[in-house]
Amino acid sequence: MGKWGSGKVSKTCEGCGSIFTLFRAHLRNGKGGKFCSRKCSDAHRKRKPGIFFSYSCKECEKKFQNRKGRGGTGEYCSIQCMAISRGRKMRGEKHPFWKGGVSERPHSVRLVIQKVIRQKNCCEKCGETTNLQGHHIVPYSENPLLRDDPNNIEVVCSSCHAKEHPQLAGMIARPRFRLGVNLNCEICKKEFYVPKYKEKSAKTCSRKCAMIRLCELRKKAAEFTLECGVCKNRIIIKKSRSKKAKFCSKKCQIEYLRVKNTKSNFPLSSPAMLLVEKQGCIGLQVPANQ
């Protein structure tokens, strides 16, 4: 006899009448297994009738229903109608962030102004070369087609621009100073601007140069300069071998070991002999004829 709840049983679907099988463990006190699938369960399960309320949209005057408990005020039939209505109510001076009709220029207009300022590089009225701005000859609000036309933009300084717009003089004539510094990139030698607080830490102009610099620092950190104990040549090796390596080649190592075993055959002034005198004669025993 198997374990309780093991095995399968056959049941008849109350929705479509088909016969299906399910595990005995899935029956809960004999109450489960009424439907063969979720589709039949959604179509034939008895549910309480929903309570609906009727509303009329304030924007499009469309009649719609909303189920009880779903939430919402019932003022609008959709998010689109709500956005249109609220946009009309909060437009202009009615908006909480209204700044008197002054807004930033679009990106395309600002690019054209910056290009014209770089070309002329001085005020067209007084010749000033600092705090340059772009002034629309035909006002910005009167002709939208000329907003990004370079011929309609006049390069002026902040003082001359404030005279053209007396009502905005307090905002336009405010001096604009860059308190940072210009540095030279360590990789591409290109000049770049950084704020004052980054003057000591900034080394590169871009992320690309920063990655190149990081790779070079890692490579230098992993290298070690070694002076050979026999021929005095300097070589670069990995830092992990700095404690074990003493010679630049196998030839110098063999000569060092041969000198240690045949000390009397070398003059006292030879580099190998001086190294033997300094480090002692304890080492590997190598035949003298090697």
Side-chain angles (χ1 to χ4, degrees), residues 90-137 139-141 144 147-226 234 236-240 242-243:
M90 301 177 68
R91 184 174 298 172
E93 297 179 356
K94 299 178 182 179
H95 198 278
F97 298 128
W98 175 253
K99 297 181 180 180
V102 180
S103 61
E104 293 186 358
R105 304 297 192 226
H107 184 65
S108 58
V109 177
R110 287 187 277 120
L111 285 179
V112 174
I113 292 175
Q114 293 174 4
K115 184 178 179 180
V116 175
I117 290 175
R118 286 196 299 268
Q119 290 176 351
K120 298 183 179 179
N121 202 25
C122 67
C123 178
E124 297 184 28
K125 293 187 175 182
C126 65
E128 181 67 30
T129 58
T130 59
N131 293 329
L132 298 179
Q133 301 174 2
H135 168 65
H136 287 81
I137 301 173
Y140 184 87
S141 58
R147 290 177 179 178
D148 55 355
D149 186 4
N151 298 324
N152 188 42
I153 297 174
E154 182 182 17
V155 179
V156 292
C157 62
S158 58
S159 301
C160 296
H161 200 191
K163 295 177 183 177
E164 297 289 339
H165 305 280
Q167 70 278 12
L168 301 175
M171 181 189 70
I172 295 175
R174 186 182 304 162
R176 294 175 173 86
F177 298 106
R178 301 182 77 182
L179 302 179
V181 294
N182 291 327
L183 302 176
N184 291 325
C185 178
E186 293 185 357
I187 302 301
C188 63
K189 308 302 179 183
K190 181 181 177 181
E191 187 176 7
F192 64 101
Y193 171 84
V194 294
K196 191 72 176 178
Y197 69 93
K198 288 186 177 181
E199 180 180 0
K200 295 182 179 179
S201 60
K203 304 295 182 182
T204 54
C205 61
S206 63
R207 186 175 180 85
K208 181 180 179 181
C209 291
M211 295 303 297
I212 296 174
R213 179 177 177 271
L214 180 62
C215 293
E216 292 181 354
L217 291 177
R218 288 178 176 176
K219 186 177 179 180
K220 290 181 180 179
E223 293 178 351
F224 181 79
T225 303
L226 171 71
R234 291 181 177 271
I236 298 176
I237 61 173
K238 292 183 179 180
K239 199 168 185 178
S240 59
S242 60
K243 294 183 179 180

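- Atoms CZ and CZ, from Arg218 and Arg213 in turn, are 12.0 Å apart once rounded to the nearest 0.5 Å.
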Could you give me the CA-CA distance, side-chain angles and deciding distance for Ile117 and Asn121, then say whether side-chain contact (heavy atoms from CB on, under 4.5 Å) is met? CA-CA 5 Å; Ile117 290 175; Asn121 202 25; 5.7 Å; no
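- For the atom pair CD1 of Ile212 and CZ of Arg207, the computed distance is 12.5 Å after rounding to the nearest 0.5 Å.
- Rounded to the nearest 0.5 Å, atoms CD1 (Ile137) and CD (Glu164) are 9.5 Å apart.
- In this structure the side chain of His135 never reaches within 4.5 angstrom of the side chain of Ile153, judged on heavy atoms.
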Might you work through the side-chain contact (heavy atoms from CB on, under 4.5 Å) test for Val109 and His136, ending with a clear yes or no? CA-CA 11 Å; Val109 177; His136 287 81; 4.0 Å; yes
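- For Cys215, there are no side chain to side chain contact (heavy atoms under 4.5 Å, CB included) partners at least two apart in sequence or on another chain.
- Counting non-hydrogen atoms of neighbouring residues, nucleotides and ligands closer than 6.0 angstrom, the NZ atom of Lys115 reaches no more than 12 such neighbours.
- Summarising the geometry, atom CD belonging to Glu191 is positioned 8.5 Å from atom CG belonging to Leu183; distances are rounded to the nearest 0.5 Å.
- With values rounded to the nearest 0.5 angstrom, Gln133 atom CD is found 5.5 Å from Ser158 atom OG.
- How far CE of Met211 is from OG1 of Thr204: 10.5 Å, rounded to the nearest 0.5 Å.
- For the pair Cys123/Leu132, a side-chain contact is recorded, criterion being any heavy-atom separation below 4.5 Å from C-beta on.
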With side-chain contact (heavy atoms from CB on, under 4.5 Å) as the test, would you mind laying out the steps for Cys157 and Thr130 before giving the verdict? CA-CA 7 Å; Cys157 62; Thr130 59; over 6 Å; no
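- In this structure, Tyr193 contributes its side chain and Val181 its backbone to no donor-acceptor pair below 3.5 Å.
- Of all the heavy atoms in Lys203 and Lys200, the pair that sits closest is NZ-O, 3.5 Å.
- Side-chain atoms of Ile172 and His165, non-hydrogen and from C-beta on, do get closer than 4.5 Å to each other.
- With contacts defined as side-chain heavy-atom distances shorter than 4.5 Å, the pair Val156/Lys125 qualifies.
- Of all the heavy atoms in Ala202 and Phe192, the pair that sits closest is CB-CE1, 4.2 Å.
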Cys205 vs Cys188, test: side-chain contact (heavy atoms from CB on, under 4.5 Å). Steps then yes/no. CA-CA 8 Å; Cys205 61; Cys188 63; 3.5 Å; yes
Step by step, work out the salt bridge (charged side-chain N to carboxylate O under 4.0 Å, His left out) result for Glu216 and Lys220. CA-CA 6 Å; Glu216 292 181 354; Lys220 290 181 180 179; 5.4 Å; no
